[in-house]
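These notes are about the structure you will find just below.
The sequence lines fix the lettering, A, B, ..., with proteins before strands; numbering per chain opens at 1.
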Amino acid sequence: MSEAIRKSTAETYENKEVVLDVKDLRVYYETPKGDVLAVDGIHFKLYEGETLGLVGESGCGKSTAAMGILQLITPPGRIVTGEVWLDGSNLLAMSEEELRQRRWTKLALIPQGAMNSLNPTMRISQQIRDVIETHEGKKRGDDIKQRILELFKMVGLPGRIYDMYPHELSGGMKQRVCIAMAIALDPMVIIADESTSALDVVVQRVVAQTMLRVKEALGVSMIMIGHDMGLMAQMVDRIAVMYAGHIVEIAGVEELFYKPGHPYSQLLIESVPSLTERKPLKITEGITHDPRNPPPGCIFQLRCPFVMDECRRVKPPIVEIRPHQQVACHLFKQQEDGSIIDVRDIATNP
Amino acid sequence: MGPIPRNYLMRRLGIFFLTIFLAATIIWLIPRLAPGDPITAMIDRMTRTAGYVENSDVIIEGWKERFGLNDPLPVQYVRYLGNLVTLDFGYSLAYFPTTVSQLIAQALPWTLGLLLIAVTITFLIGNFLGAILAWTRTPRLVRYLIPLAMIFTSIPSILAALFLLYIFAFLLNWFPMLGSYELGVTPGLNLEFISSVIKHGTLPALSIILVSFGYWALGMRGMMITIEGEDYMHLARAKGLKSFYILYRYMVRNAILPQITAFAITLGTLVSGQILVEYIFAYKGMGTLIYDAIVNQDFAVIQGTSFILIVMTALAVLIIDLAYPLIDPRISHGGK
Amino acid sequence: MSTADTTPETVAAEAPAERGELKRTMGRFNQWDTPWLNPKLIAGAIIIGIILLGGIVGRFVWNTDLAYTASSPLNLPPPGFVNTRGQEGTWDHPLGTENSGRDMLAVIILGAPNSFLIGVVAATVGMGIGIILGFTAGFLGGRVDEFIRLISDVTITIPSLMVLIVIQTLIRQVEIPTMAIMIAAFAWPSPTRLIRAQVLSMRESGYVQMAKLSGASTFDIMFREMMPNLIPYLFASFIGNATGAILAAVGLETLGLGPQRIPTLGGTIYDAIQAAALLRNMWWWWGIPTILLATMFIGLLLINLGFDEIANPRLRRSSQ
């Protein structure tokens, strides 16, 4: 069975183009007692048309990572190093004006707090209109209305909210407005930052489906950030697991659920009993080390059930244990011939 | 824009009438709480200052009869309220037989004109500077200069008035020292009169502007910083909107709302400050009228001017309150 | 770094750099860790402190009897200046004298604390009323809240100076406490509003909810849980209130409605205006109390800004 999975995921990504390539992104927050290493060197690629889930418990840096990619880090936070390649250029090496022009046309956001993400003193239509007109120039009133109503239809919003203000809408409707806004300019990548977690369960599901439908229709790539593994499993193609500012594993959904590599991934999966049943992530303990001063070696050593001496000294390299399943853990060693062995196998049968 | 919600309207109207009613009652009550009756007290003070007042007993009785002070208090109170409604404050004691209303009618336009101009300029400049101060794209130099200018903020307008008077009118002789217009000029819509009014009004207006723009700038800056942390600002930046558009359509538009509320609240203080400035410049408005009345012990005028100023302030607050729903959709568009 | 394999020179070269680094970080710690050491707050406190200290120490080093009428020559300028009559100032009266023969230095030593005192007493009384009403409104809610809000909205609309003028014109002869209490009658609405708003937002906050669940009494919640968080707001509000009260007092004094028997700064300005000191170029008469008052207000502003930054840390950004 694992053979079959391996094949399918490998094939899926063989011929796909990379639309977003994040390299060694580091975002630190300045605090009185030193920098908090919120995102400490993450690498990943986003392929054309795929949905990548970014999961991890609260405070692991997943939202900060998204903000880093979007260049929306505000003080006391700062981007220390990194490259974010999108459509052939590095967002982090750009002038502000170049960056501004790429925002929303190439990279859109469905925000975390949709409740407060709309300008309270602006009509809904105007808030969508301003993004269109900023990037495409002034438009005729009728044309733009037509276009906005079209967007409303795509996300299942009634036309009557056109002239309404945000406080007149329900939470689910506001979230749909945000989705409509995100697709208004047909971007290459959409980042959905915990876009459904503030909604109640029923609305959450409906909004998530809308998001997926729209994504399919447009063929846009998407990064979906969340902590609900159940919901993730149904919506994304691959999952990146974050722990304390590091991506510890990236794998296809099925690999991750059936054959998790990293002990932390295993811990996360264990907290979800079934793929089809929704249940919030069971967090056994929080992050145990001081985020200002992470221990040398593996970031997960303090909570890892398989911790070894090596883990306390050396940072684990990223190892591709199966095609497109990358894990940063000392348990997996690459042999001379390129094959991967699990250290635990050697220990149990020499 | 939607209509003004009924609850909101009723509450604002209620505050307006209650303010006027309370002010009227306090003004009526205070002289009656003081020992003796107001007329005797006044003649007593005149005696003290002038040494001797002829036929004081006869005068006192005459006035008492005239003002109906021999009637029972509730009757007096109701009559007093009735008179207020018709803006009848009786006669000025110092300028008999001029009525208090006539004096006020002469002074009020000056006060209103000066106040309106000074306050509008203050509010605009203050909020503009506050917005600039909080905007991250403002040049550093400007951001350091504005707080320096704000030192003026803390100084009461009356002190600023004294300094401006001394420097620009007395030492430099750029502006006239006293009054609202040149004595020889005929009031009317002629150029000479208008330029004279502007010349005389500049320093009083400047004293008010200098001391209060910083208050608005600080408030605006605080609001802007608060708004900068809002989720919708995050999204606005992600949308790649132009920086200046974000500044005025997202930040200023939202930050100005509490500023307008604050404006309504501080209007009373503003009026008080203006009265004192007018007195320093002997500007022909309510301030000078009040000061003369204090010197002349003209209690009827003090009562009348105080009442009118309180009504004016309450009215201005009411107008701001009623206009507010037009700019804040959260009130006019009641929502759910 | 192990010292065994390092030569003395490298140790000597490295140690100061390391210490410097340490000092820098320590400095940053201190500034952040104790927001009360706010530079604006300290500067303001020093200004006010000097003015008050001058009022106290001055009484011992300067003959304050000179503040009475006809105790000194008339209309003398400060030393180094000449008045319109050609008289030169002397060091006997370092700040000059006015037209009824009072020594300006003595007047200021006595007057400055008086003006300040009125403000502080009025602000304290106003604050006391504000705390009680604000807590009551915020905590009880309902009808009581509605009533308190209405009354404070009404009071805040009234230009207090007008009512005070009406009262003072009738009483005329006032002492510091009377004046302070009358001003306090208009100084309570803004602390009431502030505290009510804070109490309302805190009532919803987690820790107060927790305290309620764990069965703490209302009184306990108010004073043990909420008060400590309110303190910076209370201070800021108090200073703002005191500024307003001093402003009202100075306003009344300059209209000649202040205390008559004791010198005040506003009263001195009133005398100067009455005697046309501006036209006679007796700048020291009106100018010195004006500058002193202005300095006092600047000090209060700095303290107020300092407290604002403590209460609202976000304002600290870009403040310097």
* Can you sort out the partners of Trp104(A) under ring pair (Phe, Tyr, Trp, His ring centres under 6.0 Å), two or more places apart, ordered by chain and number? => none
* Asked: Is Asn7(B) atom CG crowded by more than 12 heavy atoms from other residues, nucleotides or ligands, each under 6.0 Å away?
  -> no
* Asked: Do any N or O atoms from the side chain of Lys239(B) and from the backbone of Gln127(A) form a donor-acceptor pair under 3.5 angstrom?
  -> yes
* Just by modelled atom types, is the Ala238(B) backbone N or O under 3.5 Å from a matching donor or acceptor in the Arg103(A) side chain? -> no
* Phe17(B) CZ: over 12 foreign heavy atoms closer than 6.0 Å -> no
* To do: Work out which heavy atom in Asp231(B) is nearest to a heavy atom in Asn116(A); give both atom names and the distance.
  => CB-O, 3.3 Å
* Could you give the distance from OH (Tyr245(B)) to OG1 (Thr134(A)), rounded to the nearest 0.5 Å? -> 6.5 Å
* Asked: Pro120(A) and Pro329(B): which non-hydrogen atoms are nearest, and at how many Å?
  -> O-CG, 3.6 Å
* Part of Thr105(A) within contact of chain B (heavy atom distance under 4.5 Å) -> neither
* Asked: Just how far is it from atom CG of Leu257(B) to atom OG1 of Thr121(A), taken to the nearest 0.5 Å?
  -> 6.5 Å
* Is the backbone of Arg249(B) close enough, under 3.5 Å, to the side chain of Asn119(A) for a donor and an acceptor to pair up by distance? -> yes
* Asked: Distance from Thr74(A) atom OG1 to Met233(B) atom CE, nearest 0.5 Å?
  -> 10.5 Å
* Within 6.0 angstrom of Lys153(A) NZ, more than 12 heavy atoms from elsewhere -> no
* Asked: Around Tyr162(A), counting heavy atoms of other residues, nucleotides and ligands shown, do more than 12 lie under 6.0 Å from its OH?
  -> yes
* Where Leu109(A) and Leu235(B) come nearest, the two heavy atoms and their spacing -> O-CD1, 3.9 Å
* Going from CD on Gln101(A) to NZ on Lys242(B), what distance comes out if it is rounded to the nearest 0.5 angstrom? -> 8.0 Å
* Asked: Crowded around Lys45(A) NZ? As in, over 12 foreign heavy atoms under 6.0 Å?
  -> no
